[in-house]
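Letters A, B, ... are given to chains in the order of the sequence lines, protein chains preceding strands, and every chain is numbered from 1. Keep in mind it's a predicted model, so treat the numbers as computed, not measured. The analysis underlying the following values was restricted to heavy atoms, covering all of them including side chains, and did not include hydrogens, waters or symmetry mates.
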There are 2 protein chains.
Amino acid sequence: MEVKLPTFDSVFSIDCVIFGFEAGELKILLIERNEEPFKDWLALPGYIVSQDESIDDAAERILYELTGLRDLHMQQFHTFGEVKRHPQGRVITVAYYALIRINGQKELKPVTQYAKSAFWHPVNDLPKLAFDHSEIFNTGFNKIRRRLNYQPIAFELLPEKFTLTQLQSLYEAVLNKKLDKRNFRKKMLSYGFLKELDEKQKGVSYRAAKLYKFDRRKYAKIFQNELNLVQ
Amino acid sequence: MEVKLPTFDSVFSIDCVIFGFEAGELKILLIERNEEPFKDWLALPGYIVSQDESIDDAAERILYELTGLRDLHMQQFHTFGEVKRHPQGRVITVAYYALIRINGQKELKPVTQYAKSAFWHPVNDLPKLAFDHSEIFNTGFNKIRRRLNYQPIAFELLPEKFTLTQLQSLYEAVLNKKLDKRNFRKKMLSYGFLKELDEKQKGVSYRAAKLYKFDRRKYAKIFQNELNLVQ
DNA sequence: AATATAAGGTGTCGAAATTACACCACTAAA
DNA sequence: TTTAGTGGTGTAATTTCGACACCTTATATT
């Protein structure tokens with residue numbers, strides 16, 4: 001039996017591409033839809049913007065409702081406005097992305113009925129997604145690749161304390177290529193925004209590595225100058 | 001007497017930030033509005049997207065209707081979605097930019113009633129604009145500044161044949177700083193996408209400079225490779 | 001205790017790119 | 001013919017980038 005769905009004249013929506021890093025692998029956050037159209041399909045967390053909230057606020061709310069995650073720093077990266085992208089009517093969607101550390105403790109749990117579940121999925125080997133979400137994902141992934149070259153976005157994806165090897169394997173996962181260990185370390189340390197800690201890795205069955213922290217204040221200073229250089 | 005204006009529930013619009021270069025000065029395209037709200041104010045060319053057109057198509061159509069210009073390659077750069085940005089209701093606007101050569105012959109002439117006139121205005125010393133258009137302009141200007149560092153967008157702004165000094169003064173106008181003449185020439189020529197012509201400038205009261213052309217095919221080849229390097 | 005395993009950590013050299021910097025050449029107008 | 005104004009050019013010092021290999025340290029295994 002076919003169900004007649006309501007149609008939209010003109011609706012704004014938000015879709016979120018949320019990257020995480022776990023076990024040396026880059027992942028994104030997907031939901032299993034619990035609503036027509038595309039019921040039971042996998043999709044990016046996304047929903048409709050309300051009348052009385054800015055799109056930035058909507059992005060935060062929607063991600064929370066569908067996945068239980070909040071207080072990420074999301075940034076919009078592209079707006080998708082093809083006429084036929086949603087079967088029920090005209091929906092223009094603003095796509096946001098964020099990078100976060102996957103934290104085993106934090107449970108992913110939708111707080112609305114619109115999603116059955118939310119989970120992390122490796123970016124390699126993604127299944128077909130609902131709507132044009134595969135395209136949205138690709139656009140977002142290309143953007144963060146390019147951004148990684150001039151902004152230290154990688155630190156959002158790592159635990160607070162991390163080793164240089166972890167940092168390198170994250171870069172390698174995002175850029176999808178091997179990097180030279182000595183050159184990578186030299187370069188990262190030369191930026192001056194890594195703070196070496198008096199601590200070492202624990203619980204590994206080999207020589208433990210030094211832990212580092214990302215020093216936001218130093219980064220802010222350096223970045224200030226770089227903006228001047230660019231101009 | 002106060003006129004009661006219609007209100008919108010939910011509307012998409014497009015605003016265009018179009019850069020041109022003339023007489024050593026960077027300019028943008030403004031219109032004089034002929035409609036409430038902000039009647040008689042200066043604004044970016046912008047209007048509402050129809051139901052049955054993609055946002056990219058809408059951008060082309062709207063720019064044409066308000067200024068008479070068409071066939072530019074516009075790109076979206078940001079979407080503005082604050083709740084109160086339009087006094088009549090909820091309007092989310094996708095901002096596009098383009099860079100074009102200002103061509104004295106081409107008349108700027110609105111083909112709708114919504115604009116009284118369209119004209120070029122220097123980017124320094126912009127007046128206050130309608131809605132949040134000043135903010136939209138600033139965001140767009142910062143984007144092209146950054147883009148100038150890794151894409152040869154400057155060539156869109158110059159006449160087909162240009163001198164190296166003209167090219168340099170354009171870079172200086174966009175980046176807002178002086179550049180070294182010898183280093184600038186060395187670098188530009190080293191890219192290999194400038195074609196030296198057998199012609200010289202005419203009608204100047206000093207030594208005439210050689211003219212150059214931008215070689216798109218060579219650029220495409222080079223850029224192909226650069227993409228690989230980045231990744 | 002000895003050994004194997006696995007990652008941590010380090011330096012140098014050559015090539016390439018970037019910066020700083022100053023003077024003569026040419027053309028037209030006065 | 002002189003002057004004003006821009007066109008056009010090279011070199012040396014510095015910095016950055018990329019390639020490349022081996023010893024050290026910690027744990028687990030025998």
In terms of ring plane angle, is the pair A:Phe193 and A:Phe155 parallel, tilted or perpendicular, where the classes change at 30° and 60°? perpendicular

Whole angstroms only, please: what is the CZ-C1' distance between A:Phe184 and D:dT16? 17 Å

Over-ring placement of A:Arg217 relative to A:Tyr219, 6.0 Å and 45° cut-offs: no

Report which part of the nucleic acid B:Thr163 touches: base, sugar-phosphate, or nothing (heavy-atom distance under 4.0 Å, all strands). nothing

Output side-chain donor-acceptor pairs under 3.5 Å for residues 128-136 of chain A, partner residues at least two apart or in another chain, one line each.
| unit_1 | atom_1 | unit_2 | atom_2 | d |
| --- | --- | --- | --- | --- |
| A:Asp132 | OD1 | A:Arg85 | NE | 3.4 |
| A:Asp132 | OD1 | A:Arg85 | NH2 | 2.9 |
| A:Asp132 | OD2 | A:Arg85 | NE | 2.8 |
| A:His133 | ND1 | A:Leu44 | N | 3.0 |
| A:His133 | NE2 | A:Asp15 | OD1 | 3.3 |
| A:Ser134 | OG | A:Leu129 | N | 3.4 |

Can a side-chain donor-acceptor contact be found between A:Ser117 and A:Arg33 if the only test is distance below 3.5 angstrom? no

With a 3.5 Å distance limit and no angle check, can you tell me whether B:Thr93 reaches the backbone of B:Ser13 through a side-chain donor-acceptor pair? yes

For the residue pair B:Thr163 / B:Gln201, report whether a side-chain donor-acceptor contact shorter than 3.5 Å exists. no

Under the side chain to side chain donor-acceptor pair (under 3.5 Å) rule, collect the residues that match up with A:Tyr64, sequence neighbours excluded. A:Arg70

Regarding A:Arg182 and the six-membered ring of A:Phe184, is the cationic atom NZ or CZ under 6.0 Å from the ring centre and inside 45° of its axis? no

Check whether the ring centres of B:Tyr97 and B:Phe19 lie less than 6.0 Å apart, and answer yes or no. no

Once you round it to whole Å, what is the distance between C1' of D:dG18 and NZ of A:Lys187? 11 Å

Could you list the residues that satisfy salt bridge (charged side-chain N to carboxylate O under 4.0 Å, His left out) with A:Arg147, not counting sequence neighbours? none

Could you check B:Tyr212 against B:Ser205 and say which one's nearest nucleotide on DNA chain D is further toward the 5' end? B:Ser205

Please list, in 5' to 3' order, the outermost nucleotides of DNA chain C lying under 4.0 Å from any heavy atom of chain B. C:dT19 to C:dA29

Whole-Å gap separating P (D:dG8) and CD (B:Gln168): 12 Å

Considering every strand and a 4.0 Å limit on heavy-atom distances, what is the contact class for B:Ser190: base, sugar-phosphate, or nothing? nothing

Bend of the helix from C:dA1-D:dT30 to C:dA30-D:dT1 from end-axis comparison, five pairs per end, nearest 10°, comes to 0°

Extract from the structure each pairing of a protein N or O with an N or O of nucleotides 19-25 of chain D at less than 3.5 Å, listing the distance.
| unit_1 | atom_1 | unit_2 | atom_2 | d |
| --- | --- | --- | --- | --- |
| D:dA19 | N7 | A:Asn183 | ND2 | 2.9 |
| D:dA19 | N6 | A:Asn183 | OD1 | 3.2 |
| D:dA19 | N6 | A:Lys186 | NZ | 3.4 |
| D:dC20 | N3 | A:Arg182 | NH2 | 3.3 |
| D:dC20 | N4 | A:Asp180 | OD2 | 3.3 |
| D:dA21 | N1 | A:Arg182 | NH1 | 3.4 |
| D:dT24 | O2 | A:Arg207 | NH1 | 2.7 |

B:Ile100 side chain reached by B:Glu156 side chain, heavy atoms, under 4.5 Å: no

